[in-house]
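Chain letters run A, B, ... following the sequence lines, proteins first, then strands; residues in each count from 1.
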Amino acid sequence: MTITAYSNATDVKWQRRWEETKLYAFNEANIGRKHYLLEMFSYPSGKNLHIGHWWNYSLSDSYGRLKRMQGYEVFHPPGFDAFGLPAENFAIKSGIHPEESTKDNIARMGGQFLTMGTTYDWGHLVVTCEPEYYRWSQWLFLRLFERGLAYRKEAPVNWCPSCMTVLANEQVVDGRCERCEGLTAQKRMTQWFFRITEYADELLNGLAVLDWPEKTKKIQENWIGRTLGCEVDFPIEADRVTAYTTRVDTLMGVTYVVLAPEHPMVDALTLSGHRDAVRDYQAQAGRRSEMDRISSAKEKSGVFTGSYAAHPMTGRRLPIWVADYVLASHGTGAVMAVPAHDLSDHAFALRYGLPIVPVIGSPLGPGQSLPYCEDGVLFGGTGHDGLTSGEARIRITAELEASGLGRAARKYRLRDWLVSRQRYWGTPIPIVHCEGCGHVPVPEGELPLRLPHDVEFLPNGRSPLAACEPFVSAPCPRCGRPAKRETDTLDTFVCSSWYFLRFLDNRDMTKAFDSDRINKLMPVDKYVGGIEHAAMHLLYARFITKALRDMGFLRFDEPFASLVHQGFILDADGRKMSKRSGAVSPDGIVKAHGADVFRLYLGFGFSFTDGGFWNDDGIKAVERFVRRVCRAVDCYVGSISRDTDGDSPEDLYDGQAPADMGLERLRHDTIKQVTEDIDGFRFNTAIARIMELLNGIARHQARPERDRSQEGSAVRDMVLLLAPLAPHLAEELWCALGNGYSVHNQEWPAYDPNILVREMAELAVQVNGTLRGVIMVPTNADDASIREAALGDPKVIQAIGGREVRKAIVVKGRLINFVLL
RNA sequence: GCCGAAGUGGUGAAAUUGGCAGACACACAGGACUUAAAAUCCUGCGGGCGUUAAAACCCAUACCGGUUCAAGUCCGGUCUUCGGCACCA
């Protein structure tokens, strides 16, 4: 007989075979039953693959393998998000060119990915820093430019002084740079933006249909931040100031108007006697952004402009102030101040002695202190007395609309996406700036606009490409006169906002993707990645998809139909396992225990969506499990009996049914559970079920008399169920069972629901809600006979103790509960 | 401040729609095999109170209350942790 064993050598053997036979190549002929599985692609960092990579990619791969065996044509491509700051920073330190280091990293990480034994089809590899890819990022940029969705404007931007580049709002965390954690500053610069706000409503409404974690949807919802309110005009001589409010019910309580320091009307409204003070204040506000922005307990400050606006209803004179607690970027950049009913306005009014006029009271009665910021009931003889806030908002909006001094409006927190970066290692923006013609797109035929190789990329606050004369100088594509190229590069999130469209046609040099085929392949059926991208990548990708759809390139609305987030594996200090805590090396684990022991440990030891603390002990347990599996197979193949002492143990799984049905039922039950569990990314319970099946098989094998047919089915299906989770081991065992290559081409085992239906069922018997006994009853027994059977149980009789049973509640297949008086 | 998620044995964790809390493992303890160790196998393993040994009983899902025949699960409140947003009008 053969002794089946598993080790790292097994991995290597089968990985070679898979490669030679192109086992996992995507067959587009079967696209009709496609399943597009994608993990957020990884960044080719300078370090080795870490536990976190294995955690994410190997388990997701197990899901894909299930789908494959279930008959889906799984499209599971690998990729690298290869542009970006780390490679550039590494180059600055080491002098090694980003192109070289990135290439090396990809080669090394690619090799390490192979040791995982994934189903990746490497023929569809996408690497974003290659001209074959970024050429199409440039194509995308030009399409957005044509549609007016890419535009340039001067705007206050987030500037990271240490990275010497601008950052998108999404990349600023608590006023600090997401990458280097240094404080960011505000700076006015002319930059490229993508008009994502045009899609704000659809991005928000579209969330409803997505099979995404609610938490993630909530994050996007907050990030988009839609409010429904009202724009109110406050006339000033020939003009008017427009303020946005969600509380137009408080309109009668307005006692002044405030403009943001950057509001375009500030100069015009500032009277001569106030000019110096306002100018000083504006300058001061512009300088302050760093520390003040992150301190929440900030003093309100401001200056009076000298001008007055008229209240749209009463005509009362309202002083116009400038204050930096009003943000230029939100609403209209102007606020109608209601000190009685708003926290900030209240503090401001107190400080500067402005009047405070309450007009809303609590519906519970008087006596509340100011500011009262809840909804309530209007009072004060203002013409709307007695209305609730909700009613008043509708009424007052209508009145303002009638008088032409207001209108219902909606506003968003979402800002347009700032995409230019003053970096070298990114996609060059294909635009030429011509004095005569303005911003002129680089003609299609000249793409890719290549990133020049020899560039000084030390950070100096300007784009490195600006110092590269041969790159900068270019004739204007329109008029032919000398002009200058755009020297900023694109945010790497632009690369990742459409990469899922490129895999299928990764070698097509004539277009970014083939619309017909991508419409068949998309959407991604299961997308797996970290939640940290909830407000960035996942939002950008949705936006780009919708934009391309509106241009006629795509016929679907959402890129990622179903989304799963993995949790984090933490080190002893509670930090994310990553390149920084490199103490535990996947390579070492793979060598010592084999890839499948590693995969099974990751799958069994944690809940996929929760993650947890890394712990070596679990490895041993899984290794033992693998040995027991091998032994069970050997035992079956060699017909050797299990060595046990004494009598064979009872078949614990099912003492009631004919003894030899036990294993069969266990097999079907396990198939059902494992299928559902892997499908739902519950790898821990899936593996636990297989352990139970193994325990059942082992018990059966310990019997003096074995049912060869049942045992054979159970062993065979155990191997098939293991195939997604331990792909190398399963090949080995499949082979040991005398089957042909490959286990991964087998049909996923099916279960027979009829076998799961039992003739007898165990029923819990409760008395007053406390468990008192367990009875066996026929599954189809009616309530009366269940009751009778339960009342016959000695323990139950004792618990009832002769008292009167008021009623009995029967839950079919579960329990019966006797309620006593 | 606002919004959201979570809190279960010594440990990792399980638990359809409210229906036998702790599956499956780890660790630990005892036993078998062995000259011995490793490996393997068997038994026990939430707490309390019991008992020669059992049985029985009581308490247990962060805490306090509620709904229900029945609550880890639903409702109200409190605490803690983690995430998102935050002068957003």
Atom CE of A:M776 to atom C1' of B:C20: distance rounded to whole Å?
14 Å

Which nucleotide in B:C24, B:C69, B:A86 has an atom nearest any side-chain atom of A:E692
B:C24

Nearest whole Å is fine: how far is B:U16 P from A:Q673 CD?
11 Å

Counting any heavy atom closer than 4.0 Å, what does A:R226 reach on the DNA or RNA strands: base, sugar-phosphate only, or nothing?
nothing

Please work out if A:D342 contacts a base, only the sugar-phosphate, or nothing of the nucleic acid, heavy-atom cut-off 4.0 Å.
nothing

A:H565 side-chain N/O to A:G529 backbone N/O, donor-acceptor pair under 3.5 Å
yes

Between the base of B:C85 and the side chain of A:N222, is there any donor-acceptor pair under 3.5 Å?
no

A:L327 has an atom CG; how far is it from atom P of B:C88, in whole Å?
8 Å

Quick check for you: among B:A25, B:G19, B:A89, whose closest atom lies nearest to any side-chain atom of A:R628?
B:A25

Toward the 5' end of RNA chain B, which comes first, A:N817 or A:E214, by nearest nucleotide?
A:E214

Taking any strand in view, what nucleotide pairs with B:A23 in a Watson-Crick or G-U wobble way, both distances under 3.5 Å?
none

Mind checking who B:G72 pairs with, Watson-Crick or G-U wobble, both distances under 3.5 Å?
none

Looking only at side-chain atoms of A:W223, point me to the closest of B:C85, B:G12, B:G19.
B:C85

Given the 90°-from-0 boundary between syn and anti, B:G65 should be labelled anti

Whole-Å distance separating the CD1 atom of A:I797 from the C1' atom of B:A55
17 Å

A:L763 has an atom CG; how far is it from atom P of B:G19, in whole Å?
15 Å

Contact class for A:V326 (heavy atom, under 4.0 Å): base, sugar-phosphate, or nothing?
base

Counterpart base for B:G44, defined by Watson-Crick or G-U wobble contacts under 3.5 Å:
B:C28

Under 4.0 Å, counting only non-hydrogen atoms across every strand here, what does A:N695 touch: a base, just sugar-phosphate, or nothing?
sugar-phosphate

Can you see which heavy atom on A:D345 is nearest to which on A:A337, and at what distance?
OD2-CA, 3.3 Å

Whole-Å distance, A:I687 CD1 to B:C26 P, equals 14 Å

Geometric class of the A:F348/A:Y352 ring pair [parallel <30°, tilted 30-60°, perpendicular >60°]
tilted

Calculate the interatomic distance between A:R814 atom CZ and B:U16 atom C1'; express it in whole Å.
7 Å

Would you classify A:G611 as touching base, sugar-phosphate or nothing, given that sugar-phosphate means primed atoms plus P, OP1 and OP2, and contacts are heavy atoms under 4.0 Å?
sugar-phosphate

If you look at every strand shown and take non-hydrogen atoms under 4.0 Å, does A:T332 touch a base, only sugar-phosphate, or nothing?
nothing

Value in whole Å for how far the C1' atom of B:U16 lies from CG of A:D677:
12 Å

Quick one: does NZ or CZ of A:R599 land under 6.0 Å from the six-membered ring centre of A:W54, within 45 degrees of the ring axis?
no

Give A:T770 one of three labels, base, sugar-phosphate or nothing, depending on what nucleic acid heavy atoms sit under 4.0 Å from its own.
nothing

Among A:F568, A:F608, A:W614, exactly one meets ring pair (Phe, Tyr, Trp, His ring centres under 6.0 Å) together with A:W55. Which residue is that?
A:F608

Within the side chain of A:K300, is there an N or O that forms a donor-acceptor pair under 3.5 Å with the backbone of A:D324?
no

Any strand, both distances under 3.5 Å, Watson-Crick or G-U wobble: B:G4 pairs with B:C82

For a quick check of understanding: with a heavy-atom distance under 4.0 Å over all strands, which category does A:K620 fall into, base, sugar-phosphate or nothing?
sugar-phosphate

Just call it for A:G618: base, sugar-phosphate, or nothing, with non-hydrogen atoms closer than 4.0 Å on any strand.
nothing

Which part of the nucleic acid does A:F604 contact within heavy-atom distance under 4.0 Å: base, sugar-phosphate only, or nothing?
base

What nucleotide, of B:C58, B:C24, B:G19, holds the atom closest to the side chain of A:M691?
B:C24

Do A:H263 and A:V258 come within less than 4.5 Å of each other through their side chains, counting heavy atoms only?
no

Identify whether any heavy atom of A:E221 sits under 4.0 Å from a base atom; if not, whether one sits that close to sugar-phosphate; answer base, sugar-phosphate or nothing.
nothing

